[in-house]
Amino acid sequence: MAKNRTSAGLPTRQQILDFIASSDTPAGKREIAKAFGLSAQDKILLKALLKDMSDEGLIDVAPGRAFHKMGGLPKVTVLRITDADGDTTWAVPERWEAEHVPAPRLRVREMRGKRSALGVGDRILARTEEAGNGWIAHPMKTLARGEELMLGVLHEEGGKLWLQGVEKKERRSWPVSDAGGAEPGDLVLAEKAGRPPRITARVVERLGDPFAPRSFSLIAIHRHGIPNVFSEELLEEAERVARQPLGEGREDLRHLPIVAIDPADARDHDDAVWATPDDDPANEGGWKAIVAIADVSFYVRPGSELDREARKRGNSVYFPDRVVPMLPEVLSADVCSLKEDVDRAALACHLQVTKGGALKSWRFTRAVVRLAANIAYEDAQAAINGTLDKPLPFRGGVGVGNSAPGEGHADRPSPTPNRSPEGEGLLEALRPLWDCWHALNAAREKREPLDLDLPERRIVLDEKGRILSVAPRERLDAHKLIEDYMIAANVAAAKALEAKKTPVMYRIHEPPAREKLAALKEYLKTFEIEFALGQVVRPATFNRILDRVGEEEFRPQVMEQVLRTQTQAYYGPENVGHFGLALGSYAHFTSPIRRYADLVVHRALVDAYRLGPGGLTPEEAGSMDRIGQSISQLERRAMEAERETIDRYVAAYLAAHVGEVMEARITGVQNFGFFATVEGVGGDGLVAARDLGAEYFHFDEAGKRLVGEHSGEEFTLGQRIELRLVEANPVSGALRFELPDGKGSAGGPQRTGRPGKGAPKRVIHRRGRPSNIRHNGRKR
């Protein structure tokens, strides 16, 4: 193996996770660097990558969660009491791995229904909350000394019960001292008790069947401490505010054929759109457009319990089988959701778009809308293509003033609904939308934002939540149309607030760091593609790289590397632009039902335009930086929970195919083996070098390949290859492959992969055809 490596050898996040899971010894930074053969320069980049992964909640190694902008505390964690004198009790995290950041000190709230005081040295499981400049701990239960909570699956071995953790890196099982009524095969929350070497697990909560369709998201909810239950008091408040009238002074837009275009099974509808040719002579050849967004700020007022809960959640979390909403369903799926044939409160963004696609002007109003239709992406595309083969309900305009907007939100039908002939009215509404979008799209292409066409995996479920299929999601012009209207409204919102000198919660995407560009340069060298570090880097710079790659089979790998080069977007009040979209000012305005950032922007607009109650308060205006840090971290938590749940679904789908040979593509090559993904499905699994047969394979770092010492057989990055799936663990999401004949071409002995000791056997021995899945769908 070559001694020196370049930045091209920096492993991916998944490869690091797989290495940690497959390592026979604890894997820290030193072990990871050694396994991947990293140079001194690479080790610096590895430290940054591990920090990013820790920020995202992927790993729990130093530097740990302390580097989170929120302070590094998980939402639910174990604390140790350090001060119990006087009226205030203080605690610190039981586990803290940060190298240069002191552990936070938390003020402990009194446990409900508990009279006994906590003493110094006591341990508690607590929910943490950031308040002002400090932290508050809400105790959930006291823990015996030595306890540690973990999520796992019970299994029986040697006549005894054992607990196997769901983490990929968890390689050992723990004897169970108290099953708490749970049985082998159950998914449980347990606490570790005792002292080494006699540590046992005691079950505190039975969560059900880990292989049941809805358990994969449940695992992520529990693992990441995502709040998924609303209190009775909060639900009562939501019901109360939902009954309030829409208010006076709203602009009446119910006569316009405004439509919402969403996934077919969308649970909520934040946005709707309308466009028509502009009759303003000063905008000849241009368009008038309206982007109507659910007026959540009218219902969720600053300082209310609803507001505090929404800020605590930060965003809705979308899984294939469920949504964990930011707001109670009476708001998120009903009163705030824009639906056809019912009056809804909206914050309307009025746009003038030039014939070249530039934004000429904008204004914001509080409005009442009554959508003409809720249309699925596929149906909207079929209608515009002339291939729609089914009737779609469509309401024409009802005229202004048929019902007063102040009368409330009751889902009453229009007094005089005008139903258009089948398909005709729908096309009349869609054609100008498409025509205006062509102008917006032309401006987008001129701007040259980053264009990474990485396929999104779509999990399809049946009505019982079982897996039907896993496939890349189709990308239609209808998706791009809505995306470009939303981007236009987001830009208008940011610029409008800037003009009013009002605080803005920007969506920020900074340019790539130089060290990441250096890593990309070294990576591109392996494909004989030059990349100059001295140039001014723009999104178009990366687009040109992909143009040079063309349709080569390694194009997906280059796109992945370009994506890894980008920084992570976040929220904050200081504007540094949005690099990926090539925009100078950008805010999130279009999804207040599911993102707290958008709700903050709505409040700022309500305040700046004097649109009535629910505007930004001085306290919020002074806390924009702290709010931005909090919701950025919560967004990362949601992204990781969603991503790992998809991995579990993919593993569950493939579990029915264990033992089968399938088409795969090599996504990474290291000295200890190579990583591969199943074509068209996804999932990332390891083929260990020790399973390639008796022949020794040399690692060619420059060529990103393993080469057989005698046979010359090669395994190269990007290579398409047939592999046999030998393990698919839905609980952890891990996959493992071997060569179809179980050995290398040199004829070495077969080394069949077996699941680790204690792994639930049903994970890898299921046979038969896979069942089915439906994705709840989410835009942008």
Side-chain angles (χ1 to χ4, degrees), residues 17-27 60 143-144 146-213 215-216 218-220 222-223 644 647-648 651-652 654-659 685-686 688 690-691 724-738 742 750-768:
L17 291 174
D18 284 339
F19 172 74
I20 292 172
S22 64
S23 176
D24 295 329
T25 58
D60 200 14
L143 302 175
E147 288 181 319
E148 181 182 334
L149 285 176
M150 65 181 296
L151 196 66
V153 179
L154 294 182
H155 66 279
E156 190 172 5
E157 184 176 322
K160 296 182 179 180
L161 275 180
W162 297 79
L163 180 74
Q164 173 69 41
V166 301
E167 303 285 348
K168 289 183 180 180
K169 64 182 180 181
E170 186 66 66
R171 293 176 295 278
R172 62 168 293 185
S173 295
W174 307 91
V176 177
S177 58
D178 182 359
E183 299 177 351
D186 283 345
L187 176 69
V188 298
L189 191 64
E191 54 193 16
K192 293 181 182 177
R195 295 183 177 181
R198 297 181 179 179
I199 296 179
T200 62
R202 182 163 59 246
V203 175
V204 297
E205 184 178 358
R206 178 184 180 275
L207 302 177
D209 182 358
F211 304 100
S215 288
F216 302 138
L218 190 64
I219 291 171
H222 279 266
R223 178 179 180 270
E644 70 179 35
D647 286 343
R648 290 189 177 99
L654 291 173
H657 301 277
V658 167
L686 173 68
R690 63 176 179 266
D691 292 333
R724 186 185 306 280
L725 180 66
V726 295
E727 183 176 347
N729 189 328
V731 177
S732 67
L735 305 176
R736 193 159 61 83
F737 301 102
E738 68 178 11
Q750 179 174 342
R751 301 189 183 184
T752 304
R754 294 189 178 92
K757 180 181 179 181
K761 295 180 180 179
R762 59 188 294 189
V763 173
I764 63 165
H765 292 306
R766 280 200 266 171
R767 306 293 300 172

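Since the model is a prediction, treat every value here as computed from it, not as a measurement.
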Can you tell me how far CG of Leu163 sits from CD of Glu191, rounded to the nearest 0.5 angstrom?
11.5 Å

Please give me the minimum heavy-atom distance between Leu725 and Arg736, naming the atom from each residue.
CD1-O, 3.5 Å

Nearest-0.5 Å distance that lies between atom CZ in Arg648 and atom CD1 in Ile219
5.0 Å

Roughly how far apart are Asn729 CG and Asp647 CG, rounded to 0.5 Å?
12.0 Å

Any chance you could measure Ser732, atom OG, to Glu644, atom CD, to the nearest 0.5 Å?
10.5 Å

Closest heavy-atom pair, Leu154 versus Ala182, reported as atoms and distance to 0.1 Å, is CD1-CB, 3.6 Å

Can you see which heavy atom on Ala179 is nearest to which on Val203, and at what distance?
O-CB, 3.3 Å

Could you walk me through whether Val731 and Gln164 satisfy the side chain to side chain contact (heavy atoms under 4.5 Å, CB included) test, starting with their C-alpha distance in whole Å, then the side-chain angles of each, then the deciding distance to 0.1 Å, before giving a yes or no?
CA-CA 10 Å; Val731 177; Gln164 173 69 41; over 6 Å; no

Looking only at heavy atoms, what is the nearest atom pair of Thr200 and Ser177, with distance?
OG1-OG, 3.2 Å

All heavy atoms of Trp162 vs all of Val176, minimum pair found to be C-CG2, 3.7 Å

Ala651 meets the side chain to side chain contact (heavy atoms under 4.5 Å, CB included) criterion, sequence neighbours left out, with Leu735

Okay, side chain of Arg206, backbone of Val188: is any donor-acceptor separation there less than 3.5 Å?
no

From CG (Asp186) to CG (Asp209), nearest 0.5 Å:
7.5 Å

Looking only at heavy atoms, what is the nearest atom pair of Glu156 and Pro184, with distance?
OE1-CG, 4.0 Å

Do Ser173 and His155 have side chains that approach each other closer than 4.5 Å (heavy atoms only, starting at C-beta)?
yes

As an exercise, state the distance from CZ of Arg223 to CG of Leu151, rounded to the nearest 0.5 Å.
9.5 Å

